[in-house]
Undergrad: 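Mind looking over this structure? Questions follow.
These numbers come from a predicted model, not from an experiment. All residue numbers in this chain count up from 1 along the given sequence.
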Amino acid sequence: MDHGRVAQTVLAAVGGADNISAAAHCATRLRLVLVDESVIDQAALDNDPDIKGTFAAGGMFQIIVGPGDVNIVYDKLIGSGVHEVSKDEAKTVAAQKQNPFSRFIKTIADIFVPVLPALIAGGLMMSLNNVLTAPDLFGPKSVIEMAPWVEDYAAMIQLISSAAFAFLPVLIGFSAVKRFGGNPYLGAAMGAAMVSSDLVNAYSMVEAVENGTMQYWHVFGLEVAQVGYQGQVIPVLCVAWILATVEKRFHKWFKGTTDFLLSPLLTMIVTGFLAFVIVGPAMRIVASGITDGLLWVYSHGGPLGGLIFGLLYSPIVVTGLHQSFPAIELPLINDVATTGGSFIFPIASMANVAQGAAALAVFFLVRDAKFRGLAGASSASALFGITEPAIFGVNLRLKWPFFCGLVGAGVGSTLIALFDVRSQSLGAAGVIGFIAIIPEHIPMFFVSMIASFVCAFLATWLFGRSRGKASIDAINNSALGAAVEPSAEELVPEPVEAIASVDTLSDGGVATAVVAKKKDPAMIPGTVTEIRSPLHGMVVPLEEVPDPGFASGAVGKGVAIDPAEGTVFAPEDGKVTMAFKTGHAIGLTTDSGVELLIHIGIDTVNMEGKGFHVHVAKGDTVTAGTPLISFDIDAIIAAGYSTITPVLVTNHRRFAQIDSDAAHEVVAGDHLLTVSAKPE
């Protein structure tokens with residue numbers, strides 16, 4: 001790679017140094033905060049063979065260059081007058097650039113993203129229980145009635161599944177207070193107080209008032225109902241912000257032992273009284289008003305309301321606003337008897353399936369193997385509920401498939417509204433989302449989904465064969481052009497110790513002998529190289545990694561591992577080519593010539609090395625099984641980051657194929673990837 005040329009391409013494409021207010025980099029990508037993103041020459045970046053992809057996230061424009069190269073390109077950029085900052089400073093600058101509404105949405109997303117795995121797991125288990133207990137699904141009787149031995153299993157599943165929802169304020173309290181800069185354990189304690197068994201359950205509040213069993217506190221001259229906040233989100237968010245603010249104020253006032261003893265005590269007392277006397281009751285009214293308002297709009301809007309929401313859902317995903325939906329959706333799910341369930345989940349499923357169908361149509365339209373691979377993988381991911389790879393990696397790059405997907409989403413969502421399809425739990429918003437749907441609504445859910453898929457696929461296919469043909473041809477021709485010129489890596493001269501014969505040039509000059517570089521063992525035609533797992537955990541398909549850069553395959557091909565233990569071992573004999581002080585990633589080249597990147601977690605570079613210990617240095621020679629990095633899984637989770645660890649072959653273009661087994665558990669040293677050499 002000509003790093004200077006890439007740096008100049010980036011600089012010109014983003015509008016010059018004056019348009020870059022801050023620049024940083026991580027293991028694989030440049031992270032630029034731009035003054036004006038409208039001046040970006042996206043075509044120039046897309047056409048550069050050394051730039052593997054771009055996307056915008058968190059107020060930063062991120063350019064994937066690749067491990068081992070990104071730091072050099074970054075240095076070249078800094079040498080051209082770009083303002084250098086740390087990654088945290090870049091995030092701060094990016095946050096300041098966002099408008100207040102965007103910052104608010106990002107805050108809500110930061111709170112809910114760490115909580116979502118518990119909610120989704122609970123939702124899927126709740127859906128499984130519904131399948132087992134619902135009548136008229138597999139016959140006139142439910143499964144537990146037809147097979148009574150299943151009843152206790154269903155009861156235990158229901159118990160476990162309801163935990164995350166019953167104690168939702170505890171989870172939100174922990175996550176929100178942490179996000180607001182307070183002690184998350186105080187947040188969890190306050191959340192637990194808000195769902196204490198000494199209070200009347202929120203779902204029984206109306207009944208308790210009507211039959212006169214509601215108990216009241218008499219404090220400050222007020223009568224305060226002793227009622228809990230089960231399933232509530234907005235009151236807990238407000239209380240969490242107050243707790244963090246009060247705690248930080250006390251930490252400023254008190255020092256040393258006094259701070260240690262009094263700050264938590266006074267924080268809990270002040271926040272507790274504010275929560276139950278003022279904030280909680282007021283925010284309960286606000287939350288109920290928002291929920292009732294949405295229900296009214298959706299119910300009275302009918303199919304038109306479904307059409308509008310369906311058309312807007314994928315653009316909302318692009319902005320990241322969909323991360324705030326759990327705050328609205330959970331109250332709908334937690335009180336199904338009153339609300340009828342959530343209409344957001346079924347519409348989200350229609351939109352996701354439509355974007356997957358559009359990407360699948362692109363798969364059949366293009367000939368370029370790389371783009372087809374991306375379209376196929378991202379299509380499958382979208383159909384199962386993860387749309388970012390399809391949206392950012394395929395549909396928005398061509399633009400028109402994204403809008404064709406909106407057509408399908410609109411049609412499917414109109415049917416969802418027409419037949420009033422609702423969900424009774426959270427889950428994967430895609431093909432398998434039917435298990436979250438109210439059982440009697442499942443048939444129309446599938447009818448709507450088929451309509452969404454077919455319309456999106458046909459719209460994309462027909463447009464791609466007509467007005468979109470030019471962009472499809474551009475991809476195919478670009479790929480053919482790239483294949484004509486060999487890369488500089490493929491022909492590297494080596495010193496020649498002895499030359500058997502020297503040709504005489506007619507002009508009297510001296511001939512230069514150039515010997516082609518000997519191929520690495522893994523690149524010898526017909527060779528199949530196995531790469532073993534560097535850590536213990538569950539294998540995750542790459543397209544399911546919660547980061548568009550990794551999920552799209554732009555950084556490299558391979559898989560990811562959800563780690564069960566916190567040690568990364570050398571998977572093969574080789575040499576360490578990249579080691580960061582932060583410990584979040586490491587690169588090595590095996591003796592067979594396969595270049596690997598192991599990236600521990602997502603965005604863990606922001607932890608600045610806390611919880612990581614690097615055992616090796618760049619240039620070290622290691623043998624298979626050598627410990628490379630130790631990391632604290634709990635610390636990563638507590639910091640709000642995903643622990644999913646991509647294991648990538650970064651020089652995958654020099655091989656014919658990178659294969660992996662289906663999702664399963666592996667231990668360090670087990671087979672993980674198969675790397676096949678190109679034919680002659």
Side-chain angles (χ1 to χ4, degrees), residues 88 92 95 100 103-104 106-115 118 164 166-202 205 214-287 327 607 610-611 634-635 637-640:
D88 282 343
T92 301
R103 290 200 296 271
F104 170 76
K106 185 180 184 304
T107 299
I108 296 297
D110 289 343
I111 292 169
F112 276 98
V113 166
V115 178
F167 298 99
L168 182 63
V170 178
L171 301 178
I172 294 178
F174 183 96
S175 183
V177 171
K178 181 178 182 298
R179 174 61 180 80
F180 294 136
N183 185 328
Y185 297 98
L186 294 182
M190 184 56 62
M194 297 177 75
V195 290
S196 170
S197 58
D198 292 335
L199 302 173
V200 174
N201 191 292
M205 181 176 65
M214 177 67 75
Q215 299 293 313
Y216 295 89
W217 289 301
H218 296 87
V219 293
F220 306 115
L222 300 172
E223 188 177 70
V224 180
Q226 298 181 23
V227 62
Y229 290 85
Q230 286 82 0
Q232 293 289 316
V233 174
I234 294 178
V236 183
L237 291 176
C238 293
V239 169
W241 181 82
I242 292 171
L243 187 148
T245 303
V246 169
E247 182 194 8
K248 286 186 284 189
R249 182 61 57 89
F250 281 131
H251 282 315
K252 288 183 179 180
W253 289 347
F254 301 127
K255 302 297 179 186
T257 304
T258 305
D259 178 38
F260 180 78
L261 294 175
L262 292 184
S263 291
L265 171 65
L266 295 177
T267 296
M268 292 296 288
I269 290 176
V270 171
T271 306
F273 275 94
L274 287 173
F276 286 105
V277 177
I278 300 175
V279 178
M283 289 301 104
R284 190 197 302 275
I285 295 172
V286 172
M607 294 178 67
K610 296 175 183 176
D634 292 335
I637 295 173

Undergrad: Show the nearest heavy-atom pair for residues Val236 and Gly173, with the distance to one decimal.
TA: CG1-N, 3.9 Å
Undergrad: Can you tell me how far the CZ atom of Phe167 sits from the CD atom of Gln230, to the nearest 0.5 Å?
TA: 8.5 Å
Undergrad: Considering non-hydrogen atoms only, spot the tightest contact between Phe276 and Met194 and give its length.
TA: CZ-CA, 3.9 Å
Undergrad: Can you tell me how far apart CD1 (Ile234) and CE (Met283) are? Round to the nearest 0.5 Å.
TA: 8.0 Å
Undergrad: Looking at Phe180, is its backbone amide N or carbonyl O close enough to the side chain of Lys248 to form a donor-acceptor pair, meaning the two atoms are under 3.5 Å apart?
TA: yes
Undergrad: Write down the atom of Leu243, the atom of Leu186, and the distance for their closest heavy-atom approach.
TA: CD1-O, 3.8 Å
Undergrad: With a 4.5 Å limit on heavy-atom distance, are the side chains of Phe273 and Ile269 in contact?
TA: yes
Undergrad: Enter the distance from Leu262:CG to Thr267:OG1 here, rounded to the nearest 0.5 Å.
TA: 10.0 Å
Undergrad: So how far is it from Tyr229 OH to Ile172 CD1, rounded to the nearest 0.5 Å?
TA: 14.0 Å
Undergrad: Just by modelled atom types, is the Asp259 backbone N or O under 3.5 Å from a matching donor or acceptor in the Ser263 side chain?
TA: yes
Undergrad: Might you point out which heavy atoms bring Ala275 and Pro281 nearest each other, and give the distance in Å?
TA: O-CD, 3.6 Å
Undergrad: Nearest 0.5 Å, what's the CE-CG distance between Met268 and Asn183?
TA: 9.5 Å
Undergrad: Looking at every non-hydrogen atom in both residues, tell me the closest pair between Gly187 and Val177 and how far apart they are.
TA: CA-CG2, 3.5 Å
Undergrad: What orientation do Trp253 and Phe250 show, parallel under 30°, tilted 30 to 60°, or perpendicular over 60°?
TA: perpendicular
Undergrad: side-chain contact (heavy atoms from CB on, under 4.5 Å) for Val200 and Met214? Distances and angles first, verdict last.
TA: CA-CA 7 Å; Val200 174; Met214 177 67 75; 4.0 Å; yes
Undergrad: How close do Leu199 and Ala193 get, counting heavy atoms only, and between which atoms?
TA: CD1-O, 3.5 Å
Undergrad: Is it the case that atom OH in Tyr185 sees more than 12 heavy atoms from other parts of the structure closer than 6.0 Å?
TA: no
Undergrad: Does Phe254 have more than 12 heavy atoms from other residues, nucleotides or ligands lying within 6.0 Å of its CZ?
TA: yes
